Every structure is written in C-alpha cells, then in structure tokens.
Colleague: 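One structure, as structure tokens, below. Some questions next.
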Amino acid sequence: MRRFLPGEDLAAALDAAAEFARLGLGSVLTQLGEQVKNAAEAAAVRDHYRGALAQLRDRALPTHISVKLTHLGLEVDREGAARNLLDIAQRADETGSFVWIDMEESRYVDVTLDLFRRACAEHDNVGVCLQAYLRRTPADLESLFPLRPAIRLVKGAYNEPASIAYPKKQDVDASYLALAAELVERAALEEATPVFGTHDRSLIADIASRAKERGLAKGAYEIHMLYGIRPAEQRALAAAGTAVRVLISYGSAWFAWYMRRLAERPANVWFVLKNVV
Ligand SMILES: Cc1cc2nc3c(=O)[nH]c(=O)nc-3n(C[C@H](O)[C@H](O)[C@H](O)COP(=O)(O)OP(=O)(O)OC[C@H]3O[C@@H](n4cnc5c(N)ncnc54)[C@H](O)[C@@H]3O)c2cc1C
C-alpha cells in the first residue's frame, strides 16, 4: 500500500507535497473516499478540504486539491453537493489554490459537467477531468471550450460497457492522442489549459513534440502522475522543464481506489500476491 500512499493522514500528504516542492514538482492532494451516505459525512469531507487548503496556504505549498462529487454528497443531495463544491472553490480562491473535479463512473458525467459549468461561472480556479475511454468525450470537450476550461485528460479507470467506453487499449490510446492534440491546439489559441494525467511515455513524448511544433510555452500544459508510479520519470520531466504535478492520495478509505490501481496493471496484482505469500 505504501507504494501508492505516503500515509493515511493529511499530515503525511502535506509532508510529501513539501518534499515534491523541494524537488521542483507541484502536487495535488486528494482525500480517498467516495459515495458518502449522508449530508453529515459530506459536510465533514467539505470541512476537511477547507482545513487542508488553510494548511497549504500556511505552509506556502504549490499544491492543488482534487475532489470526487460522490464524496461531497452527490448521491445524497445534488444541491448539497453543489454547495459543498462551490464552498471549497471559494475557499481555494481565498487561499490561492485550485480545485480539480475527478470524473467518476459514466452515469455521473452529465451532472459532473453541469456542476463544473456552475463552478466556472463563479470561479476561475476549477478544472475537470475527462476520460478518453468514453465515446462521448470528444463532444463533451467541444462543448466546454467556450468556458476556456482547465481540463485534466486521463484514459479512464472504471469498468464501463463497450457501448459507452472503448474496450481495447489501442482505441483508448488513439482517443487520448486525438483529444490531447485538440487540447494542445486550443491551448495554443489560449482557449484551454490542458493537463495530461498519464504515465504513458509514448503519449507524453507525442504531446511534447506537438506542443513544441505549435510553439506552446512549457508552462502552458502540465503532466500529472500518481504518487509512487514512475517517480524517476516525474523528476526527469520536471528537470527538463516540463510542469509536473504528483497526485497524492491519502486517507483510510483506500480499498476501491487501490483495486482500480491494481486493475490498471496486472503486474501489480502479482506484486501484491508475492508479498502476501
Ligand atoms: C493525475 C491523475 C488523475 C486521475 N484522475 C482520474 C479520474 O478523475 N477519473 C478516472 O477515471 N481516472 C483517473 N485517473 C486514472 C486514469 O484514468 C488511468 O487509469 C491511469 O492513469 C492509468 O493510465 P495511464 O494513462 O497511465 O496509461 P496506461 O497505459 O494504463 O499505463 C502506462 C504505463 O504506466 C505505468 N502504470 C500505469 N498505471 C499503473 C499502476 N496502477 N501501477 C503501476 N504502473 C502503472 C505502467 O508502466 C504502464 O505501462 C487519473 C490518473 C492520473 C495520473
């Protein structure tokens, strides 16, 4: 577990963020958890992030946060989740930080994009994740451009039916590349702020060469990777001048999240089994 998590509490995540900052890397913090069962749990998550933002400001860390809408109470009360999100965005505004909205299962895409649009109407420090494996994503991306959005493009981590998401890796990769090319183009026109959330070396190289061709400044896009995955690559990219952030997850509710990390790479399952045996 420690391979993917600096620890279960916020203090460990903040220390890891400080260490990344010392090495010239940014970070994004996310408290693990999803699908809270009542408004009190959702309010506790909101208050946790408010406290985390205050600590980031006090320690002057170059760190963003990333939230899941079902962690903020989406399945309990949609308006309550919207209020929690807007409250966190307001607090991030006041503390000089930035809020990313994770994308969860495909049944949440419409409501996530709705709440992202609402947050954008009031704040310019909010971005949303889009998943390249979804067949609908090119249209979603196009619909967001009028907002000059901050988009974190990922491949997608949930089990989705083939009618909704590309089942084959090669098709997901091709979709990612096409969406990334569009984002680079829009960034060159200052119509989007792209973040590429991937550990895929060949995609990252392709994005870098497209960005160079389009004359994009190095800071005009960022690469985000997960804590513990390809750490040497994270440092090498940052040393070469690419803006890199590491997404640091922490908290006790790690089971669902950990299972998704294992599913991404069969070798991880063997690694865990070997250690158990
Ligand atoms: C910053 C960030 C935010 C994310 N946010 C979301 C989100 O909001 N919603 C969502 O659905 N998904 C999210 N994801 C997960 C994403 O959808 C992918 O499941 C994950 O990033 C693996 O895809 P990849 O692009 O790295 O490519 P892959 O082709 O899966 O991996 C490329 C290479 O990276 C290495 N690698 C990748 N994953 C692992 C792993 N778990 N363990 C060890 N090595 C690995 C392997 O060497 C692999 O060959 C996020 C990912 C990142 C990096």
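Here the structure is a predicted model, which means the values were calculated and not measured. Read the numbers this way: they start at 1 and go in the same order the structure lists the ligands and their atoms.
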Colleague: Under a 4.0 Å heavy-atom limit, does Leu247 contact ligand 1 with its side chain, its backbone, both, or neither?
Modeller: side chain

Colleague: Heavy atoms only: which of His199, Arg152, Glu160 lies closest to atom 5 (N) of ligand 1?
Modeller: Arg152

Colleague: With distance as the sole criterion, is a donor-acceptor pair present between the side chains of Arg117 and Ser143 under 3.5 Å?
Modeller: yes

Colleague: Take the angle between the ring planes of His71 and Tyr49 and call it parallel below 30°, perpendicular above 60°, tilted in between.
Modeller: perpendicular

Colleague: For ligand 1, which atoms, with element, lie under 4.0 Å from some heavy atom of Leu226?
Modeller: 2 (C), 51 (C), 52 (C), 53 (C)

Colleague: Using a 4.0 Å heavy-atom cut-off, which part of Glu104 comes near ligand 1: side chain, backbone, both, or neither?
Modeller: neither

Colleague: List in chain and number order the residues that pass side-chain contact (heavy atoms from CB on, under 4.5 Å) with Glu142, two or more places apart in sequence or in another chain; answer none if no residue qualifies.
Modeller: Phe145, Glu182, Arg186

Colleague: Tell me whether Tyr158 has any N or O atom under 3.5 angstrom from an N or O of ligand 1.
Modeller: no

Colleague: Flag the pair Asp87 and Arg83 as a salt bridge only when some basic side-chain nitrogen lies within less than 4.0 angstrom of an acidic carboxylate oxygen.
Modeller: no

Colleague: Quick check: Cys129 and ligand 1, any N/O pair under 3.5 Å apart?
Modeller: no

Colleague: Which atoms of ligand 1 sit under 4.0 Å from any heavy atom of Ile229?
Modeller: 36 (N), 39 (C), 40 (C), 41 (N), 42 (N), 44 (N), 45 (C)

Colleague: Can any side-chain N or O of Asp102 pair as donor or acceptor with the backbone N or O of Ser66 at less than 3.5 Å?
Modeller: no

Colleague: Does any N/O atom on Ala157 come nearer than 3.5 Å to any N/O atom on ligand 1?
Modeller: yes

Colleague: Please say whether Tyr133 places an N or O atom under 3.5 Å from an N or O atom belonging to ligand 1.
Modeller: no

Colleague: Quick one: does Arg230 get within less than 4.0 Å of ligand 1, heavy atoms only?
Modeller: yes

Colleague: Purely on distance, is any nitrogen or oxygen of Gly156 under 3.5 Å from one on ligand 1?
Modeller: yes

Colleague: Do Gln131 and ligand 1 have an N or O pair less than 3.5 Å apart?
Modeller: yes

Colleague: Give me the ring orientation class for Phe196 and Tyr176: parallel if the planes are under 30° apart, tilted from 30 to 60°, perpendicular past 60°.
Modeller: tilted

Colleague: For ligand 1, which atoms sit closer than 4.0 Å to a heavy atom of Lys169?
Modeller: 29 (O)

Colleague: How far does CG of Leu147 sit from CG of Asp124, to the nearest 0.5 angstrom?
Modeller: 12.0 Å

Colleague: Please report the interatomic distance CD(Glu79) to CG(Leu74), rounded to the nearest 0.5 Å.
Modeller: 10.5 Å

Colleague: With Ala13, which residues qualify under side-chain contact (heavy atoms from CB on, under 4.5 Å), at least two apart?
Modeller: Leu29, Ile248, Tyr250

